[in-house]
Undergrad: 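Here you go, one structure.
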Number of protein chains: 2
Amino acid sequence: MSAPEKGFAPRQSIEQVEEGDELAPKFDANGLLPVVTTDHASGELLMHGYMTAEALRRTIETGEAHYWSRSRQCLWHKGATSGFVQHVEEIYVDDDQDAIWLRVRVDGGASCHVGYRSCFYRRVPIGETVSVSPVKLLFAETERVFDPKTVYGDAPNPTQL
Amino acid sequence: MSAPEKGFAPRQSIEQVEEGDELAPKFDANGLLPVVTTDHASGELLMHGYMTAEALRRTIETGEAHYWSRSRQCLWHKGATSGFVQHVEEIYVDDDQDAIWLRVRVDGGASCHVGYRSCFYRRVPIGETVSVSPVKLLFAETERVFDPKTVYGDAPNPTQL
């Protein structure tokens, strides 16, 4: 049980966490909470990210999605560089309060730094025996919404091997 | 860069990971990958979970969702106890291949161990200044789909404080 933090209740019992009406989020060992972001209109999954306590508070207060950038190690107001701000229509928390769901509208319609609408632009086939060779992916989106070079210039790519 | 594993490509370059057609997932320090599971028809977020390499391979091969249970520390064929199997219609992987999206149909229509349809049954209000006292949650689902005591009996609750 961690110390109470501004806006959050201390986690005192399973009943309180699962059935109560107080926000009592559980951050992991790195102080992060996973966040699922879907398009409010289409239901499409746009991205999977992480929030610190401060990112969660700012998202609640401003109605614009804030994350923690694990690659840049900083608070990240989504869209501050690209202009593709995520306007949060609804926020939900899960049963044990260790995950957040944002339903958003996106200015410009893109949420992926590679230039696609969704980060999840490749599909994994189902129903085949997985052999030694790598599973082959299928592209679900084929056209980029924007050109990353134009939007981000020479900023380092956040993907880490 | 980790050693290649059955069905997965080694991660060799950002271009390969982001633009390539080979599954090259990045598991975290605990060997886990976060998974977002949505209802295929409604787009509703049902749950946020984790997969090991084996859980991902079994999900691909069987078309039924398999996860890693962090509370029970075991491979978890969702629905094996409750009967609420998740039939996977589509699997997607994200840009840097460190998150998975499952679009599923659920036998019986529930995915939450507390008895609700979705694990995300509480909404966080937006647009108010976060004060010292805890943010108050609003219940989005008010009726349970099933009674956890009937389905799980005396099995320990997976929620951890």
Side-chain angles (χ1 to χ4, degrees), chain A residues 1 6-9 11-14 17-24 34 36 38 42-45 47-48 57 60-61 63 88 90-96 99 101 112-114 116 119-132 134-140 157-161, chain B residues 1 6-9 11-14 17-24 34 36 38 42-45 47-48 57 60-61 63 88 90-96 99 101 112-114 116 119-132 134-140 157-161:
Chain A
M1 191 170 75
K6 188 183 162 196
F8 309 144
R11 295 167 65 89
Q12 290 173 313
S13 73
I14 289 175
V17 167
E18 291 186 344
E19 306 282 353
D21 67 350
E22 289 182 337
L23 184 58
V36 173
T38 63
S42 70
E44 182 180 43
L45 178 59
M47 54 180 280
H48 179 281
R57 278 191 291 262
I60 292 171
E61 290 187 334
V88 182
E90 289 173 318
I91 308 175
Y92 292 87
V93 65
D94 75 339
D95 42 22
D96 56 354
W101 176 22
C112 173
H113 76 277
V114 182
Y116 296 106
C119 294
F120 293 79
Y121 50 82
R122 286 170 297 184
R123 191 156 59 79
V124 183
I126 303 172
E128 290 163 35
T129 302
V130 175
S131 61
V132 174
V135 171
K136 286 283 182 186
L137 304 174
L138 306 158
F139 276 74
N157 188 305
T159 290
Q160 299 183 320
L161 295 181
Chain B
M1 192 170 71
K6 187 183 163 196
F8 309 144
R11 295 168 65 91
Q12 290 173 314
S13 73
I14 289 176
V17 167
E18 290 187 345
E19 305 282 352
D21 68 349
E22 289 182 337
L23 185 59
V36 174
T38 63
S42 71
E44 183 179 42
L45 178 60
M47 55 180 278
H48 178 281
R57 279 192 289 262
I60 293 170
E61 290 188 333
V88 182
E90 289 173 319
I91 307 175
Y92 293 87
V93 66
D94 75 338
D95 41 23
D96 55 355
W101 177 22
C112 173
H113 76 278
V114 182
Y116 296 105
C119 293
F120 293 79
Y121 50 82
R122 285 171 297 183
R123 191 157 58 77
V124 183
I126 302 173
E128 291 163 35
T129 302
V130 175
S131 62
V132 174
V135 170
K136 285 284 181 183
L137 304 174
L138 306 159
F139 276 74
N157 188 305
T159 290
Q160 298 184 320
L161 294 180

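Numbered from 1 within each chain, the chains take letters A, B, ... in sequence-line order.
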Undergrad: For A:Glu128, is it the side chain, the backbone, both, or neither that has a heavy atom closer than 4.5 Å to a heavy atom of chain B?
TA: backbone

Undergrad: Name the option with the most non-hydrogen atom pairs under 4.5 Å to chain A; the candidates are B:Cys119, B:Pro125, B:Gly20, B:Ser13.
TA: B:Cys119

Undergrad: Hey, which of A:Asp96, A:Ile14, A:Asp95 is the one that makes side-chain contact (heavy atoms from CB on, under 4.5 Å) with B:Val114?
TA: A:Asp95

Undergrad: Can you name the one residue among B:Ile91, B:Val93, B:Asp94 that meets side-chain contact (heavy atoms from CB on, under 4.5 Å) with A:Phe120?
TA: B:Asp94

Undergrad: Specify the closest pair of heavy atoms between A:Glu18 and B:Asn157, including all atoms of both residues, with the distance to one decimal.
TA: OE2-OD1, 3.1 Å

Undergrad: Taking B:Arg122 for the side chain and A:Tyr92 for the main chain, is one N or O donor matched with an acceptor at less than 3.5 Å?
TA: no

Undergrad: Just give me the residue among B:Ala24, B:Gly43, B:Ala99 that pairs up with chain A most often, heavy atom to heavy atom, under 4.5 Å.
TA: B:Ala99

Undergrad: Heavy-atom cut-off 4.5 Å, strictly under: side chain, backbone, both or neither for B:Val36 against chain A?
TA: side chain

Undergrad: Do you know which of B:His48, B:Met47, B:Glu90, B:Glu44 has the most heavy-atom pairs with chain A at a distance under 4.5 angstrom?
TA: B:His48

Undergrad: Quick one: closest heavy-atom pair of A:Tyr116 and B:Glu19, and the distance?
TA: OH-OE1, 3.9 Å

Undergrad: Name the region of B:Pro158, side chain, backbone, both or neither, that has any atom closer than 4.5 Å to a heavy atom of chain A.
TA: neither

Undergrad: Check each atom of A:Thr129 against the heavy atoms of chain B and say whether the ones under 4.5 Å are side chain, backbone, both or neither.
TA: both

Undergrad: Let me know if A:Val17 has heavy atoms under 4.5 Å from chain B in its side chain, its backbone, both or neither.
TA: both

Undergrad: With chain A as the partner, which of B:Ser42, B:Pro34, B:Cys112, B:Gly63 has the greatest number of non-hydrogen pairs under 4.5 Å?
TA: B:Pro34

Undergrad: Of all heavy-atom pairs between A:Arg11 and B:Leu161, which one has the smallest distance, and what is that distance?
TA: NE-O, 3.4 Å

